[in-house]
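Start at 1 and go down the list; that is how both ligands and their atoms are numbered. Note that the numbering runs from 1 along the sequence shown for the chain. On a predicted model such as this, the values are computed, not experimentally measured, just so you know.
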Amino acid sequence: MSEAVLEINDLSLAFPISRSLADWVAGRPGKVVRALNGVSLQLQKGETLGVVGESGCGKSTLARCIVRLYEPTSGSVRHHGQDIFDASVRGDRAYNRRVQMMFQDPFSSLNPRMTTGQILSEALRVHEMRSEDQIPERVAELLDLVRLPQDAAEKLPHEFSGGQRQRIAIARALAVEPEILIADELVSALDVSVQAQVVNLLLELQERLGLTVLFVAHDLRLVRHVSNRVAVIYLGRIVEIGDSETLFSSPSHPYSQALLSAAPSMDPDDKGQKVKLEGELPSPLNVPTGCAFHQRCRFADTRCHSESPSLRPLEGRGEVACHHVEKILHNA
Ligand code: SF4
């Protein structure tokens with residue numbers, strides 16, 4: 001049986017936003033952005049879990065909660081059973097080392113005045129990964145690991161291409177020998193050919209080093225390529241989670257069906273029937289009652305307007321949050 005390295009339970013996050021003058025004059029309370037609404041999932045050792053959904057659905061917020069950049073309003077994130085927001089472990093640097101995040105734009109996270117060698121050495125020093133005399137050798141190993149030439153150590157971030165900068169970001173994350181990598185739109189800003197190289201490098205390193213990866217991306221083809229399991233998020237809720245191949249070949253939730261149907265197929269001969277995703281994503285300032293997807297769902301009935309569906313297991317598939325999924329699949 002696989003081992004959960006991270007357990008997320010009923011995680012919610014609401015950002016209060018400052019009251020407008022009109023609200024203040026009318027005595028109305030300030031508004032709240034409900035970015036996450038009861039997310040529960042487990043990250044299993046050695047797997048890659050893809051997280052997909054439209055822009056603004058809460059994918060990146062979830063990733064940022066996991067690395068404690070945001071504090072949830074309620075719920076918990078447990079790392080090997082220990083709540084990472086518990087006051088007694090809050091200052092624990094070991095967690096920061098074990099869980100490393102890589103961002104879409106490494107330019108903003110790589111110090112422009114430090115060479116690659118200095119960036120990697122700093123990571124090794126801060127977490128005391130090597131003694132001072134061992135650092136140059138480890139920097140050379142890390143450059144090899146991400147297939148950058150040794151003279152990269154002497155260069156500044158602006159002297160590299162976007163793909164090479166992402167390799168530096170990966171090397172910096174690996175410097176501290178993490179257990180979990182959180183890749184937030186890691187390759188979204190890169191050309192397609194470079195995307196493939198960086199993603200394949202990540203997959204190779206994952207296998208070689210036994211890493212667990214949370215891969216957040218809006219590119220569904222990429223997520224399918226890298227993920228063992230996939231979680232589909234809609235307005236801060238998981239609506240479907242399951243094995244990647246099953247979910248991509250036969251999605252169950254009406255939102256997953258529409259989202260996947262809207263994505264370009266990898267098969268040029270695919271003439272499959274398209275399910276149109278109607279309307280816009282509602283604002284997280286005003287999350288619909290009941291099933292948050294009901295305004296865009298062609299199967300919605302009165303129950304969907306008032307009752308929020310829970311995520312529940314579906315035989316032969318993963319878990320799905322839809323009152324009528326059995327009927328929908330039966331009639332498909
Ligand atoms: Fe559609 Fe209702 Fe299912 Fe939500 S619960 S996805 S509105 S059928």
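Among the backbone and side-chain atoms of C322, an N, O or S atom lies under 2.8 Å from atom 3 (Fe) of ligand 1.
In this structure, F15 and Y70 have perpendicular ring planes: the angle between them is above 60°, well past the 30° mark.
Taking every non-hydrogen atom of P254 and a distance limit under 4.0 Å, the qualifying atoms of ligand 1 come out as 6 (S). For ligand 1, the atoms sitting less than 4.0 Å from at least one non-hydrogen atom of H294 are 7 (S), numbered in the order shown with element in parentheses.
When the shell of 6.0 Å around CZ of R208 is examined, it contains 12 or fewer heavy atoms from other residues, nucleotides or ligands.
In this structure, L181 and L205 have side chains that are not in contact, with every pair of non-hydrogen atoms separated by 4.5 Å or more. Inter-residue side-chain proximity for N200 and H225 is flagged as met; some heavy-atom pair is nearer than 4.5 Å.
The single protein non-hydrogen atom nearest to atom 2 (Fe) of ligand 1 is C304 SG, 2.3 Å, given as residue, atom name and distance. For atom 5 (S) of ligand 1, the closest non-hydrogen atom on the protein side is H323 N, 3.4 Å. Closest to atom 1 (Fe) of ligand 1, if we only count protein heavy atoms, is C297 SG, 2.3 Å. Here the heavy atom of the protein found nearest to atom 4 (Fe) of ligand 1 is C291 SG, 2.3 Å.
Contact record, V199 with F215: CG2-CZ, 4.2 Å, taken as the closest heavy-atom pair. Shortest non-hydrogen contact noted between H127 and V176 is CD2-CG1, 3.5 Å.
Ligand 1 has H253 within reach: a non-hydrogen atom of the residue lies less than 4.0 Å from it.
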